[in-house]
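Presented below is the structure to which this report refers.
Remember, predicted model here, so these are calculated numbers, not experimental data.
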Amino acid sequence: MDVRARQLLEKLLRAYEKAEAGVRKRRPAITRSQLMDYHSERSLIAKESFEATMGDAKAQRAISLSWDGKPGEGFIDRIDLVDAGVLASFLNVIPLAEVLAQTRIVFKPYLSDFPVLDSVINKWTQLRTVRSLEPDSTQDWLDSIRTIQYCRKATISGGIISVPLREASYQIFKDAKRVERLTGPLDVLLTDSVEARPREPRDVLQELGLFREEHPARLAGNVIIVRTRVTSHLDAPYTGLPPPSVERLGSIPEFVMSIENQTTFHSEARQRCDDPVLLLYTAGMPSPAWRAMYARLIAGLPDGIPVYHWGDVDEGGFRIAATLAKDAQAYGISLKPWKMSPDDVPENLRRPASPATCNRMRVFAEAAGWAELGAKIEEAKFTIEQEGLA
C-alpha cells in the first residue's frame with residue numbers, strides 16, 4: 001500500500017470519526033488542497049503507486065474518486081468517503097466505535113467502584129484524550145485498577161500500609177517500574193474525575209501508601225507526643241517523625257489543625273510552635289500511614305477540643321477534607337474548616353472555576369459535613385490555593 005495514500009485515507013477516516021463525534025461539521029473528504037504533494041509529483045512510478053492504492057480502495061467501495069479529467073488520466077482531484085467500515089477494513093484498523101464498544105465491555109465490571117470510567121469513555125467518544133491516553137490504553141487503566149485494589153486490600157487487611165514503590169510494583173506485575181508509568185490513570189481513578197487538575201506523581205503514589213523515598217510526618221506545637229521509644233514535647237518550629245512511631249498525645253492541645261500545603265504549615269509552625277496546639281502537615285492527600293497516625297492522635301481528645309482542616313479552596317482541598325472528616329467521624333469528632341469559606345478570600349485572589357469543578361467542591365464539602373459551606377462555594381464559583389491566605 002502506498003504510504004502517502006494510506007496517510008490520506010487514515011486522515012479521511014479520522015475526519016469521519018470527528019463528524020460522528022460532533023466535533024466536525026463538514027462532510028469527510030480529501031480535497032484538492034490536501035492533494036498538492038501528489039499533484040506536484042514528478043515521478044510517474046510514485047504517481048501510479050498512489051493512484052493504485054486509491055483505486056483499490058474505490059474498487060472495494062470504501063471511497064469515490066473525482067478526477068480533473070477522464071478517470072485514470074490526469075490527477076485525482078477529490079476523494080469522498082463512501083463506507084467508513086469498509087475503509088477501516090481496507091486499512092486493517094478497528095473503527096473507533098468498535099474499540100469503544102469493546103472497552104465498555106471490559107470496563108463494565110469495575111464501574112461500580114470506579115464510575116469515572118464512564119467519563120473516560122465519553123471523552124474518547126468525543127475524540128479527546130484523558131491524561132494524554134487514547135482508547136488503545138485500556139490495559140493501563142486495568143493495571144491501575146489492579147494497583148489500587150492491591151493497596152486498598154493491604155490497608156483494609158491491617159497489613160502493609162506503607163510500601164516501597166518498586167517493591168509493590170514487582171509484587172503486582174513482576175515489573176518494578178510498571179506502577180511509575182501509571183500515575184496518570186491512577187490519579188483519575190483516585191479523584192474520580194477527568195477534569196481535576198493533574199497532581200504530581202509523588203502525591204498520587206502517597207495516597208496509595210507507595211513511596212520512592214519515605215518521608216517523616218511533620219508536626220508542630222507545644223504539646224507532648226507519646227512515641228514508641230520517646231515521650232517528649234515537639235521541637236520548635238516543628239518535628240519530623242515516622243508516622244508508625246507516633247502512638248498518641250501526651251498532653252491536651254487547645255485545638256488540632258491539619259494543613260494541606262507546606263508553605264502554610266511552615267508559616268503557622270513558626271508562629272504557633274510555643275502555643276499549646278497541634279499542627280499536622282498532610283503534604284497533599286495524606287498517605288494511609290499518616291491517616292492511621294492522625295486517628296491515633298485525635299482518638300483520645302476530650303469533648304470540646306476543636307479539630308480543624310486548612311486546605312486549598314479547590315476540588316483537591318475539599319476532597320482531602322472529606323477524607324479526614326471521615327477519619328474524625330469514627331471517633332465522634334466533627335471536623336471544622338479553617339479559612340476555607342468564600343468570605344475569607346479577597347476578590348483579587350480568586351480564580352474562576354467551572355460549574356463542574358464547583359459542583360464537585362460542593363459534593364466533597366457536603367461529605368466533610370460542611371453543607372452550608374459547600375453551597376457558598378458553588379455559588380461563589382472560584383478556587384484559591386491556601387498560600388494566598390497565609
Going through the checks in order, is the side chain to side chain donor-acceptor pair (under 3.5 Å) test met by T357 and S354? CA-CA 5 Å; T357 296; S354 70; 3.0 Å; yes

So, [X] side chain and [Y] main chain: donor-acceptor pair closer than 3.5 Å or not?
X: S193; Y: A196; result: yes
X: Q206; Y: A283; result: yes
X: S251; Y: I224; result: yes
X: S66; Y: D77; result: no
X: S258; Y: T282; result: no
X: N122; Y: D118; result: yes
X: S144; Y: D140; result: yes
X: D314; Y: G316; result: yes
X: R218; Y: L280; result: no
X: S137; Y: L133; result: no

Atom [atom1] of [X] and atom [atom2] of [Y]: how far apart are they, to the nearest 0.5 Å?
X: C273; Y: H266; atom1: SG; atom2: NE2; result: 13.0 Å
X: D56; Y: L9; atom1: CG; atom2: CG; result: 10.5 Å
X: D187; Y: R131; atom1: CG; atom2: CZ; result: 4.0 Å
X: L12; Y: Q7; atom1: CG; atom2: CD; result: 14.0 Å
X: I225; Y: R296; atom1: CD1; atom2: CZ; result: 11.0 Å

Could you point out which residue of E315, E366, E195, E378 forms a salt bridge (charged side-chain N to carboxylate O under 4.0 Å, His left out) with R360?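 That would be E315; it is the only one of E315, E366, E195, E378 passing the salt bridge (charged side-chain N to carboxylate O under 4.0 Å, His left out) with R360.
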
Considering residues, nucleotides and ligands other than [X], do more than 12 of their heavy atoms fall under 6.0 Å from its [atom1]?
X: Y16; atom1: OH; answer: no
X: Q139; atom1: CD; answer: yes
X: R248; atom1: CZ; answer: no
X: E10; atom1: CD; answer: yes
X: E372; atom1: CD; answer: no
X: K123; atom1: NZ; answer: yes
X: D343; atom1: CG; answer: yes
X: K47; atom1: NZ; answer: yes

Do [X] and [Y] touch side chain to side chain, with heavy atoms closer than 4.5 Å?
X: L65; Y: I79; value: yes
X: L335; Y: W370; value: yes
X: F114; Y: I148; value: yes
X: E207; Y: R199; value: yes
X: V99; Y: W124; value: no
X: I333; Y: Q329; value: no
X: T147; Y: I172; value: yes
X: V256; Y: L279; value: no

Note: [X]-[Y] ion pair, threshold 4.0 Å (strictly below):
X: R319; Y: D192; value: no
X: R4; Y: D37; value: no
X: R78; Y: D80; value: yes
X: R61; Y: D83; value: no

Show your reasoning for whether side-chain contact (heavy atoms from CB on, under 4.5 Å) applies to R270 and Y238. CA-CA 8 Å; R270 286 192 299 270; Y238 68 88; over 6 Å; no

Is there a path of hydrophobic side-chain contacts, each under 4.5 Å between heavy atoms, that joins [X] and [Y]?
X: V116; Y: V363; result: no
X: Y110; Y: L208; result: yes
X: L111; Y: L100; result: yes
X: M1; Y: I94; result: no
X: L91; Y: L96; result: no

Nearest heavy atoms of [X] and [Y], plus distance in Å:
X: A269; Y: A220; result: CB-CB, 3.6 Å
X: C358; Y: A353; result: SG-CB, 3.7 Å
X: V86; Y: Q60; result: CG1-O, 3.2 Å
X: V204; Y: T183; result: CG1-O, 4.0 Å
X: G74; Y: E51; result: O-OE2, 3.7 Å
X: P28; Y: A19; result: CG-CB, 4.5 Å

Intermediate values then yes/no, side-chain contact (heavy atoms from CB on, under 4.5 Å), K58 and V82: CA-CA 9 Å; K58 178 180 181 296; V82 174; over 6 Å; no

Could K174 and Y170 be counted as a cation-pi pair, given that NZ or CZ must be under 6.0 Å from the ring centre and within 45° of the axis?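 Yes - K174 lies over the ring of Y170, closer than 6.0 Å to its centre and within 45° of its axis.
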
Residues two or more places apart in sequence or in another chain: which of them pass side chain to side chain contact (heavy atoms under 4.5 Å, CB included) with S43?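 Testing S43 for side chain to side chain contact (heavy atoms under 4.5 Å, CB included), a comparison that skips the adjacent residues, returns E41, I45, A46.
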
Pairs where residues 61-85 contributes a residue and the test ring pair (Phe, Tyr, Trp, His ring centres under 6.0 Å) is met, not counting sequence neighbours: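 Qualifying pairs, neighbours excluded: Y38-F75, H39-F75.
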
Ring pair (Phe, Tyr, Trp, His ring centres under 6.0 Å): pairs with one or both residues in residues 267-291, sequence neighbours excluded: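 Sorted pair list: F265-Y281, W290-Y294.
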
With no hydrogens and no angle check, just 3.5 Å: does a side-chain donor-acceptor pair link D2 and S49?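 Yes, side-chain donor-acceptor contact under 3.5 Å.
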
Compute whether any side-chain donor of one residue and acceptor of the other, for T264 and E260, lie under 3.5 angstrom apart.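 On atom types as modelled, these side chains do not qualify, holding no pair under 3.5 Å.
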
Could you walk me through whether L324 and D327 satisfy the side-chain contact (heavy atoms from CB on, under 4.5 Å) test, starting with their C-alpha distance in whole Å, then the side-chain angles of each, then the deciding distance to 0.1 Å, before giving a yes or no? CA-CA 5 Å; L324 295 181; D327 293 337; 4.2 Å; yes

Show your working on side-chain contact (heavy atoms from CB on, under 4.5 Å) between V179 and L186 and close with a plain yes or no. CA-CA 9 Å; V179 174; L186 282 170; 4.2 Å; yes

